[in-house]
Amino acid sequence: MSNQTNITEFLLLGFSDVRELQILHFMVFLVIYLAALTENLLIITAIALDHHLHTPMYFFLMCLSILDLGTISVTIPKSMANSLMNTRSISYSGCVTQVFFFVFFAEADFALLTIMACDRYVAICKPLHYETIMNRRLCVQMTASAWISVILYSSLHTGNTFAITFCGGNMVDQFFCEIPQLLKLACSDSYLSEVWVIVFGMCLTLSFFVFIIVTYVQILIKVLRIPSKQGRHKAFSTCLPHFIVISMFLSTAAFAYMKPISSSPSGLDLVVAVLYSVLPPVMNPIIYSIRNKEIKASLRKLTGWKLFNKNKMSEFLL
């Protein structure tokens, strides 16, 4: 039996032992990663350089893009490198780093989505007081407070996870160091403290989700009172995609972290991990930003691409 002091590396789940399929996995993940990088960097640059976009909503969108870049950069590059080099190993310190930063970026992402829901509530339900309430100082304070809290939470998660004794070998049944898969390697009962941290985290996340639901219900009630059909459509088209993304992220993450631990790898676990760790950083820029008229105008000035022509972009998104 081996414990954590003897483990110098972990073996991640490979997508295939066939060399051709490993190259295919590398190419697919490379396309996804480059798409996420391009989308998020364009949004960050557009918002940073266009003074018309220096408002609370776009400040939060820029922060979201930064977090999305971090989230996808923690997991995909290592998986691509392993496929390319026909290996599955990740060092012990590399696994610790992956766990810390993935928890940080993922939880900070959700905390920011909660703040953004609050911002949309004030903008739609209290438009006359929006600039007074959502001033620059408050936006920075809320974002900084959320990130500092998540750093502490991520440190607690990481410390608890790697304080356990590993008796089940070093084979991680996931393409990155995912906490539930690491707990499968723990000696009996030595992981209970981390389980309680996960339960606490999920309860906290669920409370944020309930807050988001209540916020969007209030927005919906306000939207239904808008006399203009165009105004109602604009509000619905803004809020509904947000709610769908949040629901998908929370449901897949909850499934991955709260389902009973199984002894054998599952294809469903792999699909769920991709849905909550890879898909949001690619989809968030499209749903939250690129559909936005002001963002499209800024991107058009920044790049000159015909893709962001108003009519063609509308056809592209349909």
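One is the number of the first residue; the rest follow in order along the sequence.
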Student: Can you measure from NE2 (His129) to CE (Met134) and round to the nearest 0.5 angstrom?
Tutor: 14.5 Å

Student: Measure from the side-chain N and O atoms of Ser298 to the backbone N and O of Glu294, and report whether any donor-acceptor pair falls under 3.5 Å.
Tutor: no

Student: So which residues get pulled into Met171's cluster when ILVMFWY side chains under 4.5 Å apart are joined, directly or through others?
Tutor: Leu11

Student: Mark yes or no for whether His54, through its side chain, and Leu49, through its backbone, hold a donor-acceptor pair below 3.5 Å.
Tutor: no

Student: Can you tell me if CD on Glu9 sees more than 12 non-hydrogen neighbours from other groups inside 6.0 Å?
Tutor: yes

Student: Restricting to pairs with a member in residues 141-153, which pass side chain to side chain donor-acceptor pair (under 3.5 Å), not counting sequence neighbours?
Tutor: Tyr153-His157

Student: Would the distance check show the side chain of Asn40 and the main-chain N or O of Pro281 forming a donor-acceptor pair, the cut-off being under 3.5 Å?
Tutor: yes

Student: In terms of heavy-atom contacts, does CZ of Arg19 have more than 12 from other residues, nucleotides or ligands at under 6.0 Å?
Tutor: yes

Student: Please list every donor-acceptor pair under 3.5 Å in which a side-chain atom of residues 100-107 meets a protein atom from a residue at least two apart or in another chain.
Tutor:
none

Student: Considering non-hydrogen atoms only, spot the tightest contact between Thr158 and Val99 and give its length.
Tutor: OG1-CG1, 3.8 Å

Student: Let me confirm one number: the CG-CZ distance from Asn82 to Phe29, rounded to the nearest 0.5 Å.
Tutor: 11.5 Å

Student: Side chains of Ile47 and Ile295: does their closest heavy-atom pair fall under 4.5 Å?
Tutor: yes

Student: Can you spot which of Ile212, Leu67, Leu204 makes a side-chain contact (heavy atoms from CB on, under 4.5 Å) with Phe110?
Tutor: Ile212

Student: Does the side chain of Leu270 come within less than 4.5 Å of Gln174's, by heavy atoms?
Tutor: yes

Student: Determine the minimum heavy-atom distance between Val278 and Ile72, stating which atoms define it.
Tutor: O-CD1, 4.0 Å

Student: Rounded to the nearest 0.5 Å, what's the gap from CG on Leu84 to CE on Met27? Could you check?
Tutor: 10.0 Å

Student: Quick one: CZ on Arg88 to CG on Leu13, what's the gap to the nearest 0.5 Å?
Tutor: 6.5 Å

Student: Write out all pairs satisfying side chain to side chain donor-acceptor pair (under 3.5 Å) with one or both partners inside residues 270-281, taking only residues at least two apart or from two chains.
Tutor: Glu178-Tyr276

Student: Evaluate the ring planes of Tyr92 and Phe10, with Trp represented by its six-membered ring, and classify them as parallel (under 30°), tilted (30 to 60°) or perpendicular (over 60°).
Tutor: parallel

Student: What pairs meet the salt bridge (Lys or Arg N to Asp or Glu O under 4.0 Å) rule with one or both residues in residues 139-166, with sequence neighbours excluded?
Tutor: none

Student: To the nearest 0.5 Å, tell me how far Leu206 CG sits from Phe208 CZ.
Tutor: 11.0 Å

Student: With distance as the sole test, does Lys78 use its side chain to make a donor-acceptor pair with the main-chain N or O of Phe175 at under 3.5 Å?
Tutor: no

Student: Ignoring hydrogens, what is the shortest heavy-atom contact between Leu53 and Ala46? Give both atom names and the distance.
Tutor: CD1-O, 3.9 Å

Student: To check you understand the geometry: which heavy-atom pair defines the closest contact between Ala36 and Leu69, and what is its length?
Tutor: O-CD2, 4.1 Å

Student: Is there side-chain contact between Phe60 and Leu113, with heavy atoms separated by less than 4.5 Å?
Tutor: no

Student: I need the minimum non-hydrogen distance between Ile43 and Ser65, along with the two atoms involved.
Tutor: CG2-OG, 3.5 Å

Student: So which heavy atom on Asn135 is nearest to which on Leu138, and how close?
Tutor: OD1-N, 2.8 Å

Student: Answer yes if Val31 and Leu275 sit in the same cluster of Ile, Leu, Val, Met, Phe, Trp and Tyr residues linked by side chain heavy atoms under 4.5 Å apart, and no otherwise.
Tutor: no

Student: Backbone N or O of Ser93 within a donor-acceptor pair of the Thr97 side chain at under 3.5 Å?
Tutor: yes

Student: Roughly how far, to the nearest 0.5 Å, is the NE2 atom of His52 from the NZ atom of Lys301?
Tutor: 6.0 Å

Student: Under the disulfide bond (SG atoms under 2.5 Å apart) rule, what pairs show up with a residue in residues 26-103, not counting sequence neighbours?
Tutor: Cys95-Cys177

